[in-house]
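Below, read A as the first sequence line, B as the second, and so on, with proteins coming before strands; counting in each chain starts at 1. If you're wondering where the values come from, they're calculated on a predicted model, not measured in any experiment.
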Amino acid sequence: MLDLQFICENADDVKQNCEARGVTVDVDAVIRLREERNKLVGEGDELRRQQKETSSQIPKASAEDRPALIEAGKKLREQISGIEARQKEIEADLRAEQTQIPNMTHPDAPIGGEDDASEVHLSGQKPEFDFEPLDHYDLAAKHDLIDFEAGSRVAGHGFYYLKNDAVMLEMALVQFALCKLRDEGFTLHTTPDLARDSVLEGIGFNPRGDETQIYSVNDSDLSLVATAEITLGGALKDQTLDVKDLPLKFAGLSHCFRTEAGAHGRKTRGIYRVHQFTKVEMFAFTGPDLEQSNAVHADIVRIEEEIFQALGLHYRLIDTATGDLGGPAYRKFDLEAWMPGRGDGGSYGEVTSASNCTDYQARRLNIRCKSAEKKGTQFVHTLNGTAISCARAIIAVLENYQQKDGSIVVPEVLRPWVGKDVIG
RNA sequence: GGAGAGGUGGCAGAGUGGCCGAAUGCACCGGUCUUGAAAACCGGCGUAGGGUCAAACCUACCGUGGGUUCAAAUCCCACCCUCUCCGCCA
């Protein structure tokens, strides 16, 4: 959520930004509703003042003055109730509009849609095969690594069982990522896999809308999380932090659940797009200025790159275009790993995503910071990034490390946890 | 799941209808005193919105949301959370 005053004082910039991001919002309505609300607040404050004054006279008033004062107080109460009711309506409308406005955008982010992302650089080499490489689906079948039928039987399409060395591979990826993040100064967490809707909304998800990506639990205000970003960011909801403790760097291991509504009909073979996966996520709270959050953002991207470099995978780093940023991100970098079995002759597939959300999430989650020097508080900046998203990382490893005889070499950094050099 | 207790400022803790945005203590900041420190004493010490050159001042906030009342931290209802005991359980 953007600051209301900022929206109204920079309406043209905000409108332009919405357009670049492909979001249709009525900024003028926000301005109008804010004015209406402010007027009501002013009137309400004045009536409340009169009400208090009247009430305070009653205890010391004589018996004959009392009825008139009580009557006056009653009238004031009615007026105040009327104003409060209208104010509530206006504020609901205002909030509904305001929350649809996306974050502002980094000036260097490319403008456009998914295809307009700019490639920052490439790393590593595409593997050369002197045979026709299989995709991860066939490789998994060959080595009995994933049971899709059982997944479908038990939970439906989009669910799966990892089996045998795939289990070890997933655990190894998790271990590798957690060790890396611990060494980078992150505080490690396992997190709840459910969260309150208010937390989901604070992070920027719509738990129960028509196009929701979220599974919600009936008769409760809980939903299954789509990422630990939700629970890591929500962990400090309503807290005021001391700036000298910032930045705070959290890492979280969680399951992620996504309905993938609207994604049907796309290529669904394998575990590229599934309803549940395991992920190690980074999250950071920084001081309230871009210099700090941009620096941490660069650091998060660096860590993601180092993880994929250590895994020996070829990838490209892209700077996501405005239309693909979503609501909260000010800037977003994705890592797309080379997947030899994807599409026709291989293609890049998104494996990580790192966003600087500036104060957009913090405002709605009410996460502030204060310093001894300055009076008052400010909203922190929040950032998030993927360390390892297991399903996608497994695809990349299986497909890139396959050999002519069908076996799969285990990347060296994972061997201590997988316990073998070669699968199959 | 059953029974009970409770959620008040950074912390502790008073406050059961009006003079309470809230006593007191601790912590913290500034000052006096001191060679320095401690102690003692004096003053300050929440967040948000409005207002002002700046103040004064006004409004809201005592877990959250409703309600009763001229008036709510205080009474009523619902929910959330914490603690204790019992039961159950990986």
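Along RNA chain B, the nucleotide nearest to A/Lys74 and the one nearest to A/Gln50 differ in position, and the one closer to the 5' end is contacted by A/Gln50. Comparing A/Ala72 and A/Arg37, the nucleotide of RNA chain B nearest to each residue sits closer to the 5' end for A/Arg37.
Contact annotation: A/Arg77 reaches the phosphate of B/rA71 (side-chain N/O to OP1 or OP2, under 4.0 Å). OP1 or OP2 of B/rA48 lies within a sub-4.0 Å distance of a side-chain N or O belonging to A/Thr377. Here A/Lys237 does not reach the OP1 or OP2 of B/rC80: none of its side-chain N or O atoms lies under 4.0 Å away. Taking only side-chain nitrogens and oxygens, A/Gln51 never comes nearer than 4.0 Å to OP1 or OP2 of B/rC70. The side chain of A/Lys52 contributes an N or O atom lying less than 4.0 Å from OP1 or OP2 of B/rA60. Checking the phosphate oxygens (OP1, OP2) of B/rC81, a side-chain nitrogen or oxygen of A/Arg196 falls inside 4.0 Å.
Using modelled atom types and a 3.5 Å distance limit, the side chains of A/Asn206 and A/Thr212 yield no donor-acceptor pair.
Here, B/rA71 and B/rA60 have their P atoms 12 Å apart, quoted to the whole Å. B/rA23 and B/rU8 have their C1' atoms separated by 12 Å, with the value rounded to a whole Å. Between B/rC75 and B/rG6, the distance separating the two P atoms is 11 Å to the nearest Å.
Across all strands, A/Leu69 comes closer than 4.0 Å to no nucleic acid atom at all (heavy-atom distances). When heavy atoms are screened at a 4.0 angstrom cut-off, A/Arg66 is found touching no nucleic acid atom at all.
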